[in-house]
Amino acid sequence: MKIPFNNDWIYNDDFNALPEGASVRIPHTVAVTPYDYFDESIYQKISGYQKDFELPDGAYGKKIFLVFDGVAHKATVYVNGKEIVTHNCGYTAFEADITDAVKLSGTNTVKVRVDSNETLNIPPFGYVIDYMTYGGIYREVRLEIRPENHISDVFARAGSDGILDIDVTFSKTDVPYSICLKEKASGNVVYTAENVTDTHFASGKIDGIRLWDTDDPFLYELTVSSADDEYMTTIGFRDSEFKADGYYLNGRKLKIRGLNRHQSYPYVGYAMPASMQRYDADIMKNELGLNAVRTSHYPQSQHFIDRCDELGLLVFTEIPGWQHIGNDEWKAQAVKNVEEMIIQYRNHPSIVLWGVRINESVDDDELYKKTNETAHRLDPSRPTGGVRYLKKSSFLEDVYTYNDFSHDGKTPGVDPKKKVATNPDAPYLISEYNGHMFPTKPFDSEEHRLEHALRHANVLDAVAGYDDIAGSFGWCFFDYNTHQDFGSGDRICYHGVTDMFRNPKQASYVYSACGDLKEPFLEVSSTFDIGEHPAGNRGKTYIYTNCDSVKMYKNDLFIKEYTHKDTVYKNLRNAPILIDDLIGDQMKENEGFSDRQNKIVKEAMNYIGIYGMNDIPAKIKMRLVEAMAVYHMKFEDAYQLFGKYIGNWGGTTLKFVFEGYKDGKPVKTISKTAFKRLHMEVKCSSDKLFEKDTYDVAALRITVCDEYGNVQPFFNDSLPMEIEGAGEIIGPARARISGGAGGTYIRSCGEGKIKLKISCPEGYEGIFEKDSMELEFTSAKNG
Ligand code: GAL
């Protein structure tokens, strides 16, 4: 019996002050933070949680546990005054066997002492860390009542040969058990075995198995039952293999294309319930088109990994840590973390690689022999990696996983494997790139944001060109709050391809275009506002699309149809395409130019339009001389033509329309011109909240757009909000908008309707099409 245990806790910032305190629900953070400009002292404390509870009927003669999915960072559990257990890792689950401390009838009291000081002698602490570590009982808690001799673990391996291998662990004595395998979606039983007596079991080939894959993540539910107990887990049949020449899933070579994910959110740090954890995986797969994620730099919520299983997102997960290795006690904890991570996560089909080094630490053979040995012993079916920034470092893992920050915008996208890996016959994977090499705010200049995007494209293109690189994980999915030693001084690392609310930045378009999205994707890098560029030059403009072709129109005149053949990238599917023509054939039609004259003048004007008059290449200069000599053109003619066809400082704004085509049909249109009115657009994760195991949260990603839906990158303000009914706003009652995008989170508190009103900032009435918008949500017990 599993009973959610998340409501009616009392919380106090000071453990010793309990039972005084505020009533809270789990997931909980010990400090609600502002969006930026806060430091780590805000969440470092020894806080206390307390809850009174009664046991349900039927607990007599049973074992009783409290299971904590995640408490940051050191937790000691007391029941009825008796100390039960201390757990020393903020990123793995633990259980407290409270059988001997609870009363079967009457009120029991559990207290948890939570130490979230960064001075603890456990990973990741001991030196600086590039992310906030927060604090609190931030993942869910449950009460479990199990038979005396219960099934404490089932470890399942299921390969593409259709063979299911399982290891069953009983808490006390081995007893016979049965196995039942069902399709998770339909519930159809596909395999059973009765009266199994060996705790290690291998089925024969199970016929008709559907494999788990990135594009068809088919799942099965495995139930192991003894006379007294039942254990359920979700599995998938797949073969996953890192080889010297790349990564193979079910025998098919697949280039891993992922991003690193932290588990933080604005305001509440780590404390978000299942729906928000799952939503991140949805965004990665369905909006960014990724096929993989690295859970940097620690194991993350089971809800997130469950969703990766369901979506077919490959996972590289790793033990907590950041560069620093501590003393023997610290190292023993690191090895324990490997053990906990593997036992807790090893049935997930999405997990394909264990990270068993402290991220970016130096070599420590003694320690890493132990972590590797532990991983291989507990899971012989998966390889190990260990993230390093060192070339040719001591190689104890199965996959050389390396942070390649060599690209600086001009240099090649990545180093070749042979320059980095210690053993050329070992598989090789890039675990990070970009990040601090080019921090980018959503409200940075257009050229900066474009450069950020192109750097991601450059690395992806280089990786795609190397057959012996299994793939790569960019740094990183979203911007995150960090310590003073990192970031932009406001305690934010602007390294994300999305902002803290997961709104896309331009760099994310590269992923959406080259990824596995089924929906048509089309974006253009520029707003076409020449005043945003030095000297009023247009600068380079790129198309990001997964369409077959894109037709470009200027003021309703067709200019050019672009296809992916027009890109300069050699290896990357659907790579960015440079817009190299703003004129088309107009001069032939309007000015009566011959083909040759049109070609010469157009080439020169398009060049000058992008780069300006200085440094015109010799080839173009010679052609201009030709135009003067042969066609008797004068500088004034050229100037006048430039104003007419390219548009210059002092000219009237143009309108550009881009029409994406797939299979010959128009599928997506975007228009770029000067805005007239603004409006808010809200992407809501769900308007239905479920108070199931605990409260629920909806994420609202809010953008301020022009009438064509283009986000306005220099709109920086906040939108006042009012809420009514069974919900509350997380963080301030103003949706912060930076660079045209931002958001808020709504948390359920009970059942009923929730009404949210979002208004435009004071003074903008009339500039926004509507001064406010209203949204309605429902919060119900079950869905
Ligand atoms: C890496 C590190 C990440 C992050 C990144 C920024 O060295 O592993 O956690 O700090 O740099 O680019």
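Side chains included, hydrogens not; waters and symmetry mates left out as well; all remaining heavy atoms used. Remember, it's 1-based here, ligands and their atoms both numbered in the order they're listed.
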- Lys/Arg-Asp/Glu bridge criterion (N-O < 4.0 Å) met for K419, D415: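 The answer is yes: the pair qualifies as a salt bridge.
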- Query: Looking at R491 and D485, does any basic side-chain N land under 4.0 Å from a carboxylate oxygen?
  - Reply: no
Using a cut-off of under 3.5 Å, which N/O atoms of ligand 1 pair up with protein N/O atoms, and what distance separates each pair?
residue	atom	partner	partner atom	Å
ligand 1	7 (O)	E360	OE1	2.5
ligand 1	7 (O)	E360	OE2	2.6
ligand 1	8 (O)	N359	ND2	2.9
ligand 1	8 (O)	E360	OE1	3.4
ligand 1	8 (O)	E432	OE1	3.1
ligand 1	8 (O)	E432	OE2	2.8
ligand 1	9 (O)	H297	NE2	2.5
ligand 1	9 (O)	W322	NE1	2.7
ligand 1	10 (O)	D130	OD2	2.4
ligand 1	11 (O)	E432	OE1	3.4
ligand 1	12 (O)	H436	N	2.8
ligand 1	12 (O)	H436	ND1	2.6

- Message: Does the Lys NZ or Arg CZ of R388 fall within the cation-pi geometry relative to Y400 - under 6.0 Å from the ring centre and within 45° of the axis?
- Response: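 R388 over Y400 ring: yes.
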- Query: When rounded to the nearest 0.5 angstrom, what is the spacing between CG in D282 and CD in Q277?
  - Reply: 12.0 Å
- Message: My understanding is that only one of R449, R455, H448, E447 makes a side chain to side chain contact (heavy atoms under 4.5 Å, CB included) with E451; could you say which?
- Response: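 One option only clears the test, and that one is R455.
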- Begin with the C-alpha distance, continue with both residues' side-chain angles, and end with the deciding distance and a verdict on salt bridge (charged side-chain N to carboxylate O under 4.0 Å, His left out) for D499 and K441. CA-CA 8 Å; D499 68 11; K441 304 174 189 74; over 6 Å; no
